[in-house]
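Note: hydrogens, waters and symmetry copies are ignored here, and every other heavy atom, side chains too, is used. In what follows, chains carry the letters A, B, and so on, assigned in the order in which the sequence lines appear, proteins first and then strands, with residues in each chain numbered from 1.
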Protein chains: 2
Amino acid sequence: MKLGEGVEQAVHSVVMLAQLSPDGLLSAAALAEFHGVRASYLLKHLQALSGAGILRTQPGPKGGYRLARPVGNISLLDIVLAVEGPEPAFRCLEIRQRGPNPLPGKPLRPCAINSAMQRAEQAYRAELRRVTIADILTDVGRDADASAIAARSCAFLAIHERKQEAGRLR
Amino acid sequence: MKLGEGVEQAVHSVVMLAQLSPDGLLSAAALAEFHGVRASYLLKHLQALSGAGILRTQPGPKGGYRLARPVGNISLLDIVLAVEGPEPAFRCLEIRQRGPNPLPGKPLRPCAINSAMQRAEQAYRAELRRVTIADILTDVGRDADASAIAARSCAFLAIHERKQEAGRLR
DNA sequence: GATTTTGTACTCGGATAGGAAGTGTCCGAGTACACATGG
DNA sequence: CCATGTGTACTCGGACACTTCCTATCCGAGTACAAAATC
């Protein structure tokens, strides 16, 4: 039960991208510099987000990343699944059947243990699905510290944000 | 977001131990043989359960493992935490502050992202805390497949179960 | 024959190698701009 | 002066090493039984 630290980078990057103007772009290098992380490592996760349909990319100079969907339609679960993969955390290997004398009737119903673990993970995912980037942004508006950081983000965006050329986004 | 397969082994072992007579013992070798897993690897997790106060051990010949608490007082969460460790899955590294110009006021309130992730994990743990070994056992009684496996467990226990000597348990 | 002593076999416990996955890095494909060139 | 062609610089994308954690294994400490020796 451990999440890679790429998840945090991915979520913060999405939040950052959500704060720029409707047709703005931001390069991976700018995102990495702002968060103090390695650009080449962040790229890996940004690519995962792009492949999952959460981000859109524009190659070439003046290129960068941009949200592919409205902020209300991007949940934390979408990001976590895109970065960590969709596989469930608990995989039942049916070690009940790996003993010296397994039962002949093969297709067993899932055991109670597996069911309980799956229910717990469903609850986890449901909670993450309820929270969207829009919710995060409204919380940012309420919190003083977060507002200060958001102001810093704006200053940073004012320097690094790029306007998207009409009709040239993938 | 991935759990080691030791979790499944640990839970099944606890369920197995819950099915033996009140003062019965079962060796790690027998548990491993029944589940078809490596004994030396299972030992590691059984030790973790022992250290967490879930199992009791009796060393020496005729020794083995036994539950340390009633089945209604052992939740799946206890086992998962004992095996995987108590650290939360998501660790906020505050990469908001790792940028080129961090805020001076140090003690920031936890960011909305971290809060959401923690809430999700709380839901996950709460769901696991609700399920005890007693619940698993009652489910075993209802399911046909599980009952057949339970019968097989009984046959296995009849051979490998050991009676605890009075007053010699650690 | 009963008791003590000793030896052995079996158990758990912690410390030690191997392998997979996450982490970190690199180079290549593609695009847009800028400049130079020709009309 | 304008249009065209070319070169360059910058972007993302995927393929390649390194580190950490999980997996698998080993040897050592401790205990109970059993047998042998002694009283």
Exercise. Which residue lies toward the 5' end of DNA chain D, A:M1 or A:S40, if each is placed at its nearest nucleotide?
Worked result: A:S40
Take the protein atom [atom1] of [X] and the nucleotide atom [atom2] of [N], then report the distance between them rounded to whole Å.
X     : N      : atom1 : atom2 : result
A:Y41 : C:dG22 : OH    : P     : 9 Å
B:E5  : C:dA21 : CD    : C1'   : 14 Å
B:L93 : C:dT23 : CG    : P     : 10 Å
B:F90 : C:dG22 : CZ    : P     : 17 Å
A:L25 : D:dC12 : CG    : P     : 9 Å
A:Q58 : D:dC10 : CD    : C1'   : 12 Å
A:R56 : D:dT11 : CZ    : C1'   : 18 Å
B:H45 : D:dC21 : NE2   : C1'   : 13 Å

Problem set entry | Result of checking A:R129, A:R69, A:R125 against A:D78 for salt bridge (charged side-chain N to carboxylate O under 4.0 Å, His left out) | A:R69
Problem set entry | Hydrophobic cluster identity match, A:L31 and A:V71, side-chain contacts under 4.5 Å |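 Yes, A:L31 and A:V71 fall within the same hydrophobic cluster.
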Exercise. Quick one: which of C:dT25, D:dT23, D:dT31 gets closest to the side chain of B:P61?
Worked result: D:dT31
Problem set entry | Sugar-phosphate only, base, or nothing, as touched by B:A29 at under 4.0 Å among non-hydrogen atoms | nothing
Exercise. A:K44 near the nucleic acid: base, sugar-phosphate alone, or nothing, with a heavy-atom cut-off under 4.0 Å?
Worked result: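 Base, at least one base atom sits under 4.0 Å.
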Please confirm whether the shortest side-chain N or O distance from [X] to OP1 or OP2 of [N] is below 4.0 Å.
X     : N      : answer
B:Q47 : C:dG14 : yes
B:Y65 : C:dG13 : yes
A:S27 : D:dC10 : no
A:S50 : D:dC12 : no

Exercise. So, A:R91 and A:E87, do they make that salt bridge, N to O below 4.0 Å?
Worked result: no
Problem set entry | Derivation of the side chain to side chain contact (heavy atoms under 4.5 Å, CB included) call for B:L42 and B:S13 | CA-CA 9 Å; B:L42 180 61; B:S13 296; 3.7 Å; yes
Exercise. Can you name the one residue among B:L49, B:V15, B:I54 that meets side-chain contact (heavy atoms from CB on, under 4.5 Å) with B:I74?
Worked result: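 It is B:I54; the other options fail the test.
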Exercise. Start at the 5' end of DNA chain C and walk down; is the nucleotide closest to A:G60 or to A:L43 reached first?
Worked result: A:L43
